[in-house]
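Numbers for residues simply follow the sequence, beginning at 1.
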Amino acid sequence: MSMLQADKIYLGTSDKPEYLLLGLANRHGLVTGATGTGKTVTLQVLAQGFSDAGVPVFCADIKGDLSGIAEAGTPQDFLMKRAEELGFQDEYKFSACPTIFWDLFGQQGHPIRTTVSEMGPLLLARLMNLNDTQEGVLTIAFRVADEQGLLLLDLKDLRAMLGFMAENADQIQAKYGNVTKASVGAIQRQLLVLENQGGDAFFGEPALNIADLMRTTIDGRGMVNVLAADKLMQSPRLYATFLLWLLSELFEVLPEVGDPAKPRLVFFFDEAHLLFDEAPKALLEKVEQVVKLIRSKGVGVYFVTQNPLDVPDSVLSQLGNRVQHALRAYTPRDQKAVKVAADTFRPNPAFKTMDVITQLAVGEALVSTLEPKGVPSMVARTFIRPPSSRIGPVTPAERAQIIATSPVGMAYDKTVDRESAYEILGQQQAQAAAAEGEAGAAPESGGFDVGSILGSLLGTNKKRGERFTATQRVARDVTRTVTNKVAGDVAANIGKSVAGSIGGSVGRSIVRGVLGSILRVR
């Protein structure tokens, strides 16, 4: 009997071949195990299996070695020996997956961007580690921007919006509640921290189109989207918030499809503990809701982490397909993790699960997947099959070649900066300052002193030691921006007509979803 079958993914062999049924793959999954036990290879086997079945995949490459999925493997003794032990040698072929490399910083893949407006206040507050009061002020800023039709595309837009709120706090708080300059200042400081971590590269346009993560090739294979995350992991909160935003976008954008014959997309969430560490209860409840309901959108979510205790019970209960590599029980917490992992499996009378978890060799795992009726299979001690793609990273030259021939490079590699809140608020304040200057001009002059107005506006005539006003700061920044962008105005104007995923009438079209991201109402 062939190991490779059309409606399932071959994972490895216990006393029989072990499979993941494609029709139940959107019931989510969990891959756990200590460092060095084979989780990355298991993830590689799963990703390639989904790709070969025509299912697009999104996964993060934490250490850099998952990038090897883009190149065919080469015969090596330990691979051929494992294939022979499994009785898989006749069907074992080496092949690469069609791959798109992404990178939030645009260095090892195509840039992934979203706009501040699209991320929404809830996730942005989580990203900046704001307290409840500061989150409330940020939510008001988004509400005012939505109602006023102000696009918040990048961090300078949000900074301008917060400055506008600080100057108009009396009028704003009469309608929305208390807005203090102290809270605004605290948010501004966190924005600076976010910028220093590279967050400013993530916010902007062109924003990611979710459809570009769900591509298939001409021959029907699913594209594997690999996010370069080795540098991103230096900012773990940015990493976790980005993946959560991406998950929420899939949830909000995709239509209901029920239980398809195979998933529309499989999403691997590596280092899953970063999502849940110090997350407030309200956010955890929303994550649980998204994980529970996104199944009916045809999306399978697979959490990858070292310890099953990293995932809250409310989320853990949603994960039907499980691969457990070895755990080490050196501490009381480790022993608790082993017990938790053992208790989540359907027992096998052939062995004691709790004992076996600590005895598994590298490349060996306990596997339990959903059977045709949706019931978890009896846990099986399984030797994971060898991957067909390369074990280990691609070379810089190979990565560059794949990026150069990517189907999405033309859409994302060039940044677009169109008119948004920063420019609009700057123009409004400049006009107001000019009007004030005109009204205050000396009557005998028969006109107004342009130099005086510009001096007041830009702060060039301020007294020594006198600070710039908020209006002068914004006007000065706008003047610099406009001056620096004159040569690119033609390209920018063209970009305005094609860039971005939010229409110009923001205030009339925005509805926000369960995690605060934008629902587009047409």
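Arg381 contributes no side-chain N or O that, together with a main-chain N or O of Thr353, makes up a donor-acceptor pair within less than 3.5 Å. When atom types are taken as modelled, the side chain of His325 and the backbone of Ala365 share no donor-acceptor pair closer than 3.5 angstrom. Without hydrogens or angle criteria, Lys297 side chain to Phe251 main chain gives a donor-acceptor distance under 3.5 Å.
For the residue pair Glu118 and Thr115, a side-chain donor N or O sits within less than 3.5 Å of a side-chain acceptor on the partner. Using modelled atom types and a 3.5 Å distance limit, the side chains of Asp413 and His110 yield a donor-acceptor pair. Inspection of the Gln48 and Ser388 side chains reveals no N or O donor paired with an N or O acceptor under 3.5 Å. Under 3.5 Å, the side chains of Arg322 and Thr32 contain no donor-acceptor pair of N or O atoms. For the residue pair Thr114 and Glu205, no side-chain donor N or O sits within less than 3.5 Å of a side-chain acceptor on the partner. In this structure, a donor-acceptor pair under 3.5 Å is absent between the side chains of Thr331 and Arg328. Side-chain polar atoms of Gln44 and Ser389 form a donor-acceptor pair below 3.5 angstrom. Counting only N and O atoms by type, the side chains of Gln108 and Asp61 include no donor and acceptor under 3.5 Å apart. Between the side chains of Thr382 and Glu364, no donor-acceptor pair of N or O atoms lies under 3.5 Å.
Evaluation of the side-chain contact (heavy atoms from CB on, under 4.5 Å) rule for Leu327 yields Pro308, Gln324, Val338, Ala341, Ile357 as partners, not counting sequence neighbours. Not a single side chain to side chain donor-acceptor pair (under 3.5 Å) links Ser317 to another residue, sequence neighbours left out. Scanning for salt bridge (charged side-chain N to carboxylate O under 4.0 Å, His left out) contacts around Arg390 gives Glu398, with sequence neighbours left out. For Tyr92, the ring-ring contact (aromatic ring centres under 6.0 Å, His included) criterion is met by Phe88, Phe94, not counting sequence neighbours. For Arg221, the side chain to side chain donor-acceptor pair (under 3.5 Å) partners at least two apart in sequence or on another chain are Asp219. Checked against side-chain contact (heavy atoms from CB on, under 4.5 Å), Asp212 has the following partners two or more places apart in sequence or in another chain: Asn209, Arg215, Val408, Tyr412. Lys352 is linked by a salt bridge (charged side-chain N to carboxylate O under 4.0 Å, His left out) to nothing, counting only residues two or more places apart in sequence or in another chain. Scanning for side chain to side chain donor-acceptor pair (under 3.5 Å) contacts around Arg143 gives Glu147, with sequence neighbours left out. Considering only residues two or more places apart in sequence or on other chains, Arg295 meets the side chain to side chain donor-acceptor pair (under 3.5 Å) condition with Asp259.
Classification of the Tyr10-Tyr19 ring pair by plane angle, with boundaries at 30° and 60°, yields tilted.
Closest of all the heavy-atom pairs between Gly222 and Thr216 is CA-CG2, 4.1 Å. Residues Gly258 and Asn26 come closest through the heavy atom pair O-ND2, 3.9 Å.
Annotation: cation-pi pair Arg113/Phe203 absent, no NZ/CZ under 6.0 Å from the ring centroid and within 45° of its normal.
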Output side-chain donor-acceptor pairs under 3.5 Å for residues 231-239, partner residues at least two apart or in another chain, one line each.
from: Arg237; atom 1: NH1; to: Arg126; atom 2: O; distance (Å): 3.2
from: Tyr239; atom 1: OH; to: Asp270; atom 2: O; distance (Å): 2.6

Could you list the donor-acceptor pairs under 3.5 angstrom formed by side chains in residues 132-140, with sequence neighbours left out?
from: Gln134; atom 1: OE1; to: Asn131; atom 2: N; distance (Å): 3.2
from: Thr139; atom 1: OG1; to: Glu135; atom 2: O; distance (Å): 2.8

Donor-acceptor pairs under 3.5 Å, side chain of residues 192-199 to any protein atom, not counting sequence neighbours: which ones?
from: Glu195; atom 1: OE1; to: Arg159; atom 2: NH2; distance (Å): 3.2
from: Asn196; atom 1: ND2; to: Leu192; atom 2: O; distance (Å): 3.4

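Between Lys16 and Glu18 there is a salt bridge, with a side-chain nitrogen of the basic residue lying less than 4.0 Å from a carboxylate oxygen of the acidic one. Taking the charged nitrogens against the carboxylate oxygens, Lys81 and Asp77 have no contact shorter than 4.0 Å, which rules out a salt bridge.
Taken to the nearest 0.5 Å, the CD1 atom of Ile294 stands 8.5 Å off from the OG atom of Ser296.
The environment of CG in Asp200 is crowded: more than 12 heavy-atom neighbours from other residues, nucleotides or ligands sit within 6.0 Å.
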